[in-house]
Participant: 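Okay, handing you the structure first.
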Amino acid sequence: MKYAIFDLDGTLVDSMTMWRSVGKTFLEHHNYPPLKYTKQSSNDTWEKDFLNAVREQLGVEITDEYFFKWFSDYVIEQYSKVLPLKPNAIELLEKLKADGVKMCICSSTHRFMMQPALERLGLLKYFEFTCHCNEFGKEKNQPDIFFYCMEKIGAEKPCETAVFEDAYYSANTAKTAGFYVVGVYDITEHHNEKMQNICDQYISDFSQLDFSKLPD
């Protein structure tokens, strides 16, 4: 394998439980009662949908600016001090780096939020660059960002590039676009059976990766 695109949250860093519970944490921090429901949201709309639910159900007027600052401060603190790597992530990255594999991170998380984790966990030295959906302008339910990363990292075809993802929707996008996809188990993903069916490899620990099956 010569090229690899890694997701960060839930793939390299064990952070999805934090992301899934951030709304609950916000409510508890402010001594608000639980919401009766929350609208099913996409990655790029959940903040707005959560705030609307808080305002409508609890009658609390919270500004977008206040919530985003609280949310950003909380997430940055978790990245800076708490969140661990997935099992054997560093060992895999060390091997790939030693083998000359060109790697990048493709993430839905804002750059300024995840940067503390990259620095604290020593990840920066392994990657050529990081690419972020909010900067690129499209989410991973479209293949454009994967093609962009592929070309920037130096690959010519999707089939020669491995994409490591924990989320079914983005793994499916990459697989449909022709990439070699390694699914990484995460406890928060509700479509693990579908992941196993579409991925070229599906692992719960990076030590399980079969290098003989990776693209040439």
Side-chain angles (χ1 to χ4, degrees), residues 1-16 19-20 41-46 85-89 92-93 95-97 99-111 114 118 123 126-206 208-216:
M1 182 175 70
K2 297 179 181 179
Y3 309 101
I5 300 170
F6 281 87
D7 174 54
L8 183 80
D9 294 295
T11 301
L12 289 172
V13 177
D14 194 1
S15 54
M16 287 309 300
W19 279 107
R20 299 297 188 201
S41 306
S42 63
N43 282 356
D44 55 345
T45 66
W46 82 265
L85 288 165
K86 285 291 192 78
N88 292 299
L92 173 65
L93 295 175
K95 175 173 174 49
L96 296 180
K97 186 75 171 178
D99 290 345
V101 178
K102 299 294 184 182
M103 297 178 282
C104 70
I105 288 176
C106 180
S107 176
S108 296
T109 301
H110 290 271
R111 183 184 300 273
M114 65 184 264
L118 298 179
L123 295 176
Y126 299 107
F127 299 102
E128 304 295 312
F129 60 89
T130 65
C131 183
H132 305 262
C133 292
N134 68 300
E135 296 175 5
F136 184 74
K138 293 184 180 179
E139 292 291 324
K140 295 183 186 179
N141 57 357
Q142 302 178 58
D144 307 61
I145 195 166
F146 291 115
F147 287 124
Y148 171 80
C149 288
M150 176 196 78
E151 293 172 1
K152 187 172 180 179
I153 210 170
E156 296 182 354
K157 297 179 291 185
C159 62
E160 64 181 356
T161 308
V163 173
F164 291 76
E165 281 280 356
D166 69 294
Y168 170 71
Y169 84 97
S170 48
N172 188 53
T173 299
K175 182 61 179 175
T176 302
F179 289 87
Y180 184 97
V181 177
V182 178
V184 180
Y185 170 80
D186 191 83
I187 193 172
T188 67
E189 175 54 60
H190 300 306
H191 301 291
N192 285 309
E193 186 174 342
K194 290 182 178 180
M195 284 280 283
Q196 293 181 54
N197 291 334
I198 66 163
C199 291
D200 297 284
Q201 291 192 53
Y202 185 74
I203 59 176
S204 58
D205 185 306
F206 284 114
Q208 299 170 350
L209 188 66
D210 188 340
F211 288 88
S212 69
K213 295 180 179 179
L214 294 172
D216 296 332

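Everything numeric here is computed off the predicted structure, so don't read it as measured data.
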Participant: If the condition is side chain to side chain donor-acceptor pair (under 3.5 Å), which residues does K102 pass it with, not counting sequence neighbours?
Facilitator: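 None.
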
Participant: So how far is it from C133 SG to K140 NZ, rounded to the nearest 0.5 Å?
Facilitator: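 Rounded to the nearest 0.5 Å, the SG-NZ separation comes to 5.5 Å.
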
Participant: I'd like to check the side chain to side chain donor-acceptor pair (under 3.5 Å) partners of N197; sequence neighbours left out, ordered by chain and number.
Facilitator: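 If we apply the side chain to side chain donor-acceptor pair (under 3.5 Å) test to N197, skipping adjacent residues, there are no hits.
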
Participant: To the nearest 0.5 Å, how far apart are OG1 in T130 and CG in L8?
Facilitator: 9.5 Å

Participant: Do the side chain of D200 and the main chain of V182 share a donor and acceptor less than 3.5 angstrom apart?
Facilitator: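 Side chain of D200 to backbone of V182, a donor-acceptor pair under 3.5 Å: no, none is there.
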
Participant: For the residue pair F211 and L96, establish whether any side-chain heavy-atom pair is separated by less than 4.5 Å.
Facilitator: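 Yes, close enough: below the 4.5 Å cut-off.
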
Participant: How would you list, by chain and number, every residue that makes a ring pair (Phe, Tyr, Trp, His ring centres under 6.0 Å) with Y180, sequence neighbours excluded?
Facilitator: none

Participant: Examine distances only and state if a side-chain atom of E189 and a backbone atom of Y168 form a donor-acceptor pair shorter than 3.5 Å.
Facilitator: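 Yes; judged by distance alone, with no hydrogens or angles, the pair exists.
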
Participant: H110: what forms a side chain to side chain contact (heavy atoms under 4.5 Å, CB included) with it, not counting sequence neighbours?
Facilitator: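 With neighbours one apart ignored, the set is F68, F112, M113, N134.
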
Participant: Can you list everything that forms a side chain to side chain contact (heavy atoms under 4.5 Å, CB included) with D210? Sequence neighbours excluded, please.
Facilitator: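 In terms of side chain to side chain contact (heavy atoms under 4.5 Å, CB included), with neighbours along the sequence ignored, D210 is linked to Q201, S212, K213.
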
Participant: Hey, could you give me the CZ/CG distance between F206 and L85, rounded to the nearest 0.5 Å?
Facilitator: 9.0 Å

Participant: For T173, enumerate each residue passing the side chain to side chain donor-acceptor pair (under 3.5 Å) test, keeping only those at least two apart in sequence or located in another chain.
Facilitator: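 Not a single residue meets the side chain to side chain donor-acceptor pair (under 3.5 Å) criterion with T173.
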
Participant: State which residues pass salt bridge (Lys or Arg N to Asp or Glu O under 4.0 Å) with K2; sequence neighbours excluded, sorted by chain then number.
Facilitator: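 Testing K2 for salt bridge (Lys or Arg N to Asp or Glu O under 4.0 Å), a comparison that skips the adjacent residues, returns none.
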
Participant: Less than 4.5 Å apart, any side-chain heavy atom of M114 and any of I105?
Facilitator: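 Counting from C-beta outward, M114 and I105 do come under 4.5 Å.
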
Participant: CE of M1 to CE of M103: how many Å apart, nearest 0.5 Å?
Facilitator: 7.5 Å

Participant: Identify, with sequence neighbours excluded, every residue that meets side chain to side chain contact (heavy atoms under 4.5 Å, CB included) alongside Q196.
Facilitator: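 Partners of Q196 under the side chain to side chain contact (heavy atoms under 4.5 Å, CB included) test: Y202.
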
Participant: Anything under 3.5 Å between a donor and an acceptor, one on a side chain of residues 141-160, the other on a protein residue two or more places apart or in another chain? List them.
Facilitator:
from, atom 1, to, atom 2, distance (Å)
D144, OD2, K138, NZ, 2.9
E160, OE2, E156, N, 2.5
E160, OE2, K157, N, 3.1

Participant: If you define the side chain from C-beta out and look only at heavy atoms, does anything of I198 sit under 4.5 Å from V181?
Facilitator: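 SC-SC contact between I198 and V181 ruled out.
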
Participant: List for me each residue that meets side chain to side chain contact (heavy atoms under 4.5 Å, CB included) alongside D186, sequence neighbours excluded, and say none if there are none.
Facilitator: D14, M16, K86, D166, T188

Participant: Hey, does V184 have a side-chain heavy atom less than 4.5 Å from the side chain of D7?
Facilitator: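 No, too far: nothing below the 4.5 Å cut-off.
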
Participant: Are S108 and E139 close enough that some pair of their side-chain heavy atoms sits under 4.5 Å apart?
Facilitator: yes

Participant: Do L214 and L209 come within less than 4.5 Å of each other through their side chains, counting heavy atoms only?
Facilitator: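 Side-chain contact under 4.5 Å: yes.
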
Participant: Output the distance between atom OG (S170) and atom CD1 (I5), rounded to the nearest 0.5 Å.
Facilitator: 11.5 Å

Participant: Given side chains that start at C-beta, do those of T161 and P215 come closer than 4.5 Å, heavy atoms only?
Facilitator: no

Participant: Sequence neighbours left out, what passes ring pair (Phe, Tyr, Trp, His ring centres under 6.0 Å) with F164? Give chain and number order.
Facilitator: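 If we apply the ring pair (Phe, Tyr, Trp, His ring centres under 6.0 Å) test to F164, skipping adjacent residues, the hits are F6.
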
Participant: Among residues at least two apart in sequence or on other chains, which ones pass side chain to side chain donor-acceptor pair (under 3.5 Å) with D99?
Facilitator: K95

Participant: About how many Å separate CE of M195 and CG of N172, when rounded to the nearest 0.5 Å?
Facilitator: 9.5 Å

Participant: Check whether any side-chain N or O of Q208 sits under 3.5 Å from a backbone N or O of S204 as a donor-acceptor pair, and report yes or no.
Facilitator: yes

Participant: Could you report the tightest heavy-atom contact between A171 and C199, atom names first, then the distance?
Facilitator: CB-SG, 4.5 Å

